[in-house]
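Notes follow the structure.
No experiment lies behind these values; they were computed from the predicted model shown.
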Amino acid sequence: MPSQLRHHLTQLRETGNMITVRNHLSRMLFLTSFLIVALDASGRAEEYPELPRVYMQTAYNPPAGGQRIAANSSATFRAALTAAQPGDIIELAAGVTFTGPFTLPNKAAGSGWIYIVSSAYASLPAPCSRVTPADAPHMPKIVVRAGSGGAVATAAGAHHYRFVGIEFAPVDGNFVYNIVQIGNGETSAATQPNNIVIDRCYVHGDPAAGSRRGVLMNGASIAVIDSHVSDCKEDGADSQALAAYSGTGPVKIVNNYLEGAGENVMFGGADPSIPDAVPSDIEIRCNHFFKPLSWMGQSWDIKNLFELKNARRVLVEGNRFENNWPHAQNGFALLLTPRNQNNTAPWSAVQDVTIRFNTFVNIAQGINILGRDAPNVSQRTARILIRHNVLQVTKLGSGGDGRLFQILGGPTDVVFDHNTGFCTNAYIVADGTPKTDNFVFRNNIVTHGTYGFIGSGTAWASTTLAKYFNPNWSITANADIGGSPTNYPAGNFFPATIAAVGFMDYAAGDYRLSATSTFKNRGTDGRDLGADIDSIALASIYRCDAATGIDEEQPHKFECTLYPNPANGRMVLRTNAFPGEAAEVVVCDRYGRQMHRATVHAPTEILDISRLRSGVYFVQVTTRGASVVRRLVVLR
């Protein structure tokens with residue numbers, strides 16, 4: 001086996017920080033003698049985003065055998081932070097207010113954890129369960145006054161701290177910039193804080209004064225899980241529940257309630273103090289992104305629910321994005337917009353982003369994708385997959401156009417596949433230069449709105465494609481409700497009304513297709529058009545073993561087919577694997593001898609079998625712990 005392949009097949013574990021490295025081998029195809037090409041409907045190669053290489057494992061596993069240090073005052077907590085060593089537990093008295101700021105020291109020796117927990121831990125929700133403000137009576141409260149920094153901050157290199165069941169807030173009536181501040185302008189990856197976990201905590205700004213940010217996550221291996229972050233709001237500046245701009249990642253944001261006026265969650269927004277830093281390997285699952293409607297008409301600067309300005313290898317899955325309206329921006333709920341914010345970080349990029357199985361509810365506009373920053377230099381936005389999402393663009397508020405998707409400034413390798421979207425204005429709007437490359441729009445169900453598929457100065461899909469997209473696009477098997485085939489690519493569908501689609505119960509929000517729908521099994525992959533509604537429901541339910549803290553895989557029946565069969569020089573392998581996820585393919589002869597092994601990353605692959613002699617072979621395909629075997633006949 002080549003050394004490069006052996007390296008990439010190895011699963012590395014760092015026992016101290018409990019990180020599992022999962023390899024997807026997305027660019028290792030040259031290491032096999034198979035010719036493997038991912039194809040779209042037109043036969044052109046597609047490039048899917050790489051999923052996170054690293055997923056943090058955040059099991060609740062308190063140290064055993066160390067000290068258990070009780071603290072019931074600010075002074076005793078400060079002393080405990082100084083005295084504690086890896087493997088110790090600091091127990092804060094529930095119901096007591098601890099006034100910061102407190103700084104987490106760098107315990108240079110050892111890689112064990114220091115847990116900081118509520119004395120009323122037994123009264124808190126179990127691991128893998130989200131807390132709410134109603135749990136606050138069972139929590140100690142760490143507060144800070146305006147102008148004093150975060151309630152908790154980190155020293156350079158601080159590592160392996162976990163907060164469990166803690167309330168963080170400003171002193172009543174005070175506004176602070178970062179309620180929890182992880183990172184403090186470190187200039188090298190080696191000195192950034194790492195392995196910090198916020199678990200079942202209640203982080204909030206002042207109800208009247210607000211606060212700029214709930215948790216600043218500038219570091220490596222930072223996790224916010226099962227927590228409630230709210231009242232992050234500011235007049236005249238951006239505010240976020242969670243934000244990171246100067247760490248390297250990985251980052252885990254799972255099963256939280258997240259409330260922010262500017263951007264509920266943002267990566268980027270200021271240039272990194274660490275050269276070449278791009279927050280990477282980011283997992284964002286099963287969260288509720290929410291803006292209270294009571295904020296409408298108030299002075300807080302409202303922008304969007306989620307924005308990436310500098311991030312790479314991001315998985316956004318099973319989340320609910322709810323309520324967004326125009327105010328300080330034009331109302332798009334989700335933005336992928338690379339920004340060299342202060343013109344000192346030309347490496348800034350938004351690349352390898354997978355957005356799947358999410359629901360967008362009551363939003364003024366949908367998703368906005370920008371190819372490059374301007375006039376500041378950034379990298380090109382690349383490899384974006386938006387698949388199996390439901391978007392309900394209601395044109396909430398005033399000043400938004402009611403657009404579903406917007407493509408600006410020439411990104412590359414953007415795939416919209418199996419989405420169900422409702423809009424009032426247009427489902428695609430394009431503008432800017434250079435032209436977009438490798439654009440794919442297929443298997444979607446969308447309302448046409450007033451304009452359908454348009455661009456700045458172009459009124460039709462055909463003229464928009466000619467002006468704003470290079471001719472390597474693919475648009476096929478979409479249902480454009482209320483649209484017309486005039487000046488539109490062939491191979492699409494145009495139901496006259498929503499009723500003509502055949503949803504199970506459109507009025508009740510059940511967007512599954514009925515058994516009699518014209519669009520059942522009409523996708524390029526043989527599935528129903530639009531989003532897989534059942535899979536969205538499953539992905540939104542957080543499954544985690546409370547004893548181990550390990551996330552459970554979502555149920556998904558794995559299937560594959562081979563054709564033609566018998567085959568000669570080439571064979572097509574088609575699976576229902578998610579794009580970008582690895583599947584192992586092993587070909588054996590009738591005696592069980594392995595003839596070849598390969599890793600594939602797309603639902604449809606072409607394999608070169610010209611080296612196989614005539615005979616009967618067995619093809620085993622394995623992914624996500626599931627495995628199937630198919631019989632293959634080769635005839636020469």
Side-chain angles (χ1 to χ4, degrees), residues 26-27 47-50 52-53 183 185-189 192 216-220 237-238 240 243-251 262-263 265-282 303-304 306-314 316 328-330 332 334-355 367-386 405-415 429-439 455-456 467-470 472-473:
S26 60
R27 292 169 182 80
E47 189 169 2
Y48 289 108
E50 183 180 0
R53 296 174 183 172
E186 288 79 15
T187 56
S188 72
Q192 65 185 331
L216 179 66
M217 304 180 296
N218 284 343
D238 288 12
Q240 304 91 27
Y245 57 82
S246 194
T248 59
V251 175
E263 304 86 4
V265 173
M266 181 169 69
F267 286 84
D271 289 352
S273 55
I274 299 173
D276 299 316
V278 177
S280 301
D281 303 312
I282 300 166
K303 286 196 169 181
N304 58 69
F306 179 57
E307 183 168 12
L308 297 180
K309 295 185 175 184
N310 187 27
R312 186 179 285 130
R313 296 189 300 275
V314 183
V316 182
Q329 274 183 351
N330 55 13
F332 278 98
L334 191 152
L335 283 76
L336 307 178
T337 53
R339 297 295 184 193
N340 174 7
Q341 197 81 31
N342 307 114
N343 205 22
T344 64
W347 62 82
S348 298
V350 176
Q351 297 173 342
D352 295 299
V353 180
T354 300
I355 300 169
I367 297 175
N368 182 28
I369 302 175
L370 176 68
R372 289 182 174 89
D373 196 8
N376 297 346
V377 175
S378 75
Q379 302 303 301
R380 189 182 192 186
T381 298
R383 297 177 301 279
I384 309 298
L385 175 62
I386 299 172
F405 305 123
Q406 183 166 275
I407 312 294
L408 307 175
T412 185
D413 296 290
V414 177
V415 177
V429 176
D431 200 358
T433 56
K435 292 184 178 181
T436 295
D437 275 306
N438 301 330
F439 178 74
S456 180
K467 184 173 181 179
Y468 296 109
F469 297 82
N470 280 320
N472 47 19
W473 51 261

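When all heavy atoms are compared, the tightest approach of Asp271 to Thr344 is OD2-OG1, 2.6 Å. Of all the heavy atoms in Val350 and Asn310, the pair that sits closest is CG2-N, 4.1 Å. Contact between Asp373 and Pro338 at its shortest, heavy atoms only, is CB-O, 3.3 Å. What you find for Ser456 and Lys467 is that their closest heavy atoms are O-NZ, 3.4 Å. Across every non-hydrogen atom of Phe267 and Met217, the tightest pair is CZ-CE, 4.1 Å. When all heavy atoms of Ala277 and Gly247 are compared, the closest pair comes out as CB-O, 4.2 Å.
Note: Leu334 CG to Ile367 CD1 = 5.0 Å, rounded to the nearest 0.5 Å. Remark: Glu47 CD to Ile384 CD1 distance equals 11.5 Å, nearest 0.5 Å. Taken to the nearest 0.5 Å, the CG atom of Leu385 stands 5.0 Å off from the OG1 atom of Thr354. Note that CG of Asn218 and OG1 of Thr248 are 10.0 Å apart. Values are rounded to the nearest 0.5 Å. If you take NZ on Lys303 and CD on Gln240, they are separated by 9.0 Å, rounding to the nearest 0.5 Å. A distance of 12.5 Å separates CG of Leu308 from CG of Leu370, quoted to the nearest 0.5 Å.
Between the Asp281 side chain and the Arg53 main chain, a donor and an acceptor come within less than 3.5 Å of each other. Looking at Asp352, its side chain does come within 3.5 Å of a backbone N or O of Glu50 through a donor-acceptor pair. Remark: side-chain polar atoms of Asn368 are not paired, donor with acceptor, to backbone N or O of Leu335 under 3.5 angstrom. No donor-acceptor pair under 3.5 Å is formed between the side chain of Thr187 and the backbone N or O of Ser273. The backbone N or O of Pro346 lies less than 3.5 Å from a partner atom in the side chain of Gln379, making a donor-acceptor pair. Although no hydrogens or angles enter the test, the distance criterion places a donor-acceptor pair under 3.5 Å between the side chain of Asn340 and the main chain of Val377.
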Query - Residues Ile274, Gln192; criterion side chain to side chain contact (heavy atoms under 4.5 Å, CB included); working and verdict - result: CA-CA 9 Å; Ile274 299 173; Gln192 65 185 331; 3.9 Å; yes

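Considering only heavy atoms from C-beta on, Asn304 comes within 4.5 Å of Gln329 through its side chain. Inter-residue side-chain proximity for Asp431 and Val429 is flagged as unmet; no heavy-atom pair is nearer than 4.5 Å. Counting heavy atoms from C-beta on, the side chains of Ile369 and Thr436 never come closer than 4.5 Å.
Legend: residues meeting salt bridge (charged side-chain N to carboxylate O under 4.0 Å, His left out) with Asp437, ordered by chain and number and at least two apart, are Arg380.
Judged by distance alone, the side chains of Gln341 and Ser348 never bring a donor and an acceptor atom under 3.5 Å apart.
Here the options are Lys309, Glu307, Arg372, the test is side chain to side chain donor-acceptor pair (under 3.5 Å), and the partner is Thr337; only Glu307 passes.
Relative ring orientation between Phe469 and Phe439 is described as tilted, the plane-to-plane angle lying within the 30° to 60° band.
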